Amino acid sequence: MRLLLVEDDNHVAAALSAVLARHGFQVVHARSGEEALQALLPADKDPFGVVLLDLGLPDQDGYEVCGKIRKRSAIPVIMVTARADVRSRIHGLNLGADDYVTKPYDTGELLARIHAVARRRTAGEDTGPTPLAALRFGPVHIELPTRRVSVGGQEVQLTRKEFDLLALLAQRPGVVFRREQIISEVWRTSWEGTGRTLEVHVASLRSKLRLPALIETVRGVGYRLVAPTG
C-alpha cells in the first residue's frame, strides 16, 4: 500500500518511514501541506491508501490541509498530533479525518489504525453490512442484513443503536475504536455531550449478551471486541 506521510520533522519522518517500510508500506514523504496536496494531484493508477497527517506544518495548519484533502478525495486521513485535548480531536473528525492519533503513540496501535481505516475505505464509507452476511464470535451470532443477534441460539433484542455499536466493533475484532470515532460513526455526531450515552449502550450490550468480557474497555482510548475463546 502507498502511504503519504505528511511530517515536517525529517528525523521523525525517517524513523517512522523505516518502520512502515518494514511492514510493507511504500511511503512518500511530504514536508509541508502544499507538498502533500501536490502529491495527491496526479490521478495515477496506484493511488495512496492512507494519509498520515501531522498537524504542526510549517506552511499551513494541518486542519486546513485535511479540509482541502477531503474536498478533493475520499482517501482515509489519520491525524497525528501532540494536541491531546478533546476539542482538537472533535474538530479534526468533523473536518473529515477518519482517525486521530496523539503523540507519543504506540507503533503497533498506529499500524492497526492504518489497516483499519484502509479496510473501511475498501469496504465502502458507510457502516452497513460487509460482504459477509453474518459474523460469529463463540456463542454470539450476528446477522448483518436482518440485524438479528443471538447468543447460544437464543435471540437477543437490541435497540437500533445497540446493534449498530455491536456491528461496528464486530466487523473489526481486536481493533481499538476511539470513543470519538464510535460516536461519529454510530451516532453521526461529535463526542461532546455524548460520552455518557456511549457508556450506557456498552453496559446495556454487556448485560443483554451476558458476556461482559466480549466488549473490552481500553482505558483512556475506547473499546474493542474480544472474541470468546473455546
Side-chain angles (χ1 to χ4, degrees), residues 1-33 36 39-40 48-57 60-70 73-122 125 168-169 172-186 190-192 195 198 216-225:
M1 180 197 302
R2 294 184 75 219
L3 183 147
L4 179 59
L5 172 61
V6 189
E7 169 62 65
D8 66 317
D9 188 316
N10 289 330
H11 295 292
V12 172
L16 183 54
S17 294
V19 172
L20 293 170
R22 288 199 299 270
H23 286 82
F25 292 96
Q26 181 185 346
V27 180
V28 174
H29 178 206
R31 295 165 180 80
S32 68
L40 292 169
F48 291 104
V50 174
V51 175
L52 282 183
L53 175 62
D54 187 81
L55 294 184
L57 300 175
Q60 50 189 303
D61 188 84
Y63 290 123
E64 182 181 354
V65 176
C66 179
K68 290 178 179 178
I69 291 173
R70 190 52 69 233
S73 171
I75 182 173
V77 176
I78 300 178
M79 288 185 170
V80 183
T81 178
R83 305 176 194 177
D85 61 287
V86 173
R87 289 185 180 276
S88 294
R89 290 186 296 220
I90 292 172
H91 185 46
L93 294 170
N94 286 340
L95 283 172
D98 295 82
D99 207 344
Y100 197 110
V101 179
T102 304
K103 298 178 182 178
Y105 50 78
D106 177 79
T107 303
E109 180 186 354
L110 177 63
L111 289 167
R113 292 188 179 284
I114 292 171
H115 286 298
V117 298
R119 285 196 302 269
R120 187 157 66 248
R121 169 66 178 140
T122 302
E125 293 300 319
L168 176 67
L169 299 176
R172 292 183 289 279
V175 173
V176 180
F177 285 80
R178 301 184 79 90
R179 291 179 174 87
E180 306 89 51
Q181 182 183 354
I182 297 172
I183 291 295
S184 177
E185 295 198 27
V186 174
S190 64
W191 165 256
E192 191 169 15
L198 173 56
E216 180 182 54
T217 300
V218 181
R219 293 186 62 183
V221 182
Y223 300 93
R224 66 181 166 195
L225 186 139

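All values reported here derive from a predicted model rather than from experimental measurement.
With respect to the salt-bridge test (charged N to carboxylate O, under 4.0 angstrom), the residues Asp106 and Arg113 do not qualify.
Atoms OH and CG, from Tyr63 and Leu57 in turn, are 11.5 Å apart once rounded to the nearest 0.5 Å. The structure places CG of Leu198 at 4.5 Å from CD1 of Ile183, a figure rounded to the nearest 0.5 Å. In this structure, CG on Leu3 lies 10.0 Å from CD on Gln26, to the nearest 0.5 angstrom. To the nearest 0.5 Å, atom CG of residue Leu16 and atom CZ of residue Phe25 are 10.0 Å apart. To the nearest 0.5 Å, atoms CG (Leu52) and NE2 (His29) are separated by 11.0 Å. For the atom pair Glu180 CD and Asp99 CG, the distance stands at 9.0 Å (nearest 0.5 Å).
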Could you walk me through whether Thr102 and Arg178 pass the side chain to side chain contact (heavy atoms under 4.5 Å, CB included) test, one step at a time? CA-CA 11 Å; Thr102 304; Arg178 301 184 79 90; 4.2 Å; yes
Could you walk me through whether Leu225 and Val175 pass the side chain to side chain contact (heavy atoms under 4.5 Å, CB included) check? CA-CA 7 Å; Leu225 186 139; Val175 173; over 6 Å; no
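Taking every heavy atom of both residues into account, Val27 and Ser17 meet most closely at CG1-OG, 3.5 Å. The two residues Pro76 and Asp98 make their nearest non-hydrogen contact at CA-OD1, 3.2 Å. Of all heavy-atom pairs spanning Ser32 and Val6, the tightest one is O-CG1, 3.9 Å. In plain terms, the two heavy atoms of Val77 and Cys66 that are nearest each other are CG1-SG, 4.3 Å. Between Ala30 and Leu4, the closest heavy-atom pair is CB-CD1, 4.1 Å. Here the shortest heavy-atom pairing between Phe177 and Leu169 reads CD1-CD2, 3.5 Å.
Using a 4.5 Å heavy-atom cutoff, the side chains of Leu168 and Tyr223 are not in contact. Considering only heavy atoms from C-beta on, Ile114 comes within 4.5 Å of Leu20 through its side chain. For the pair Glu109/Val221, a side-chain contact is recorded, criterion being any heavy-atom separation below 4.5 Å from C-beta on.
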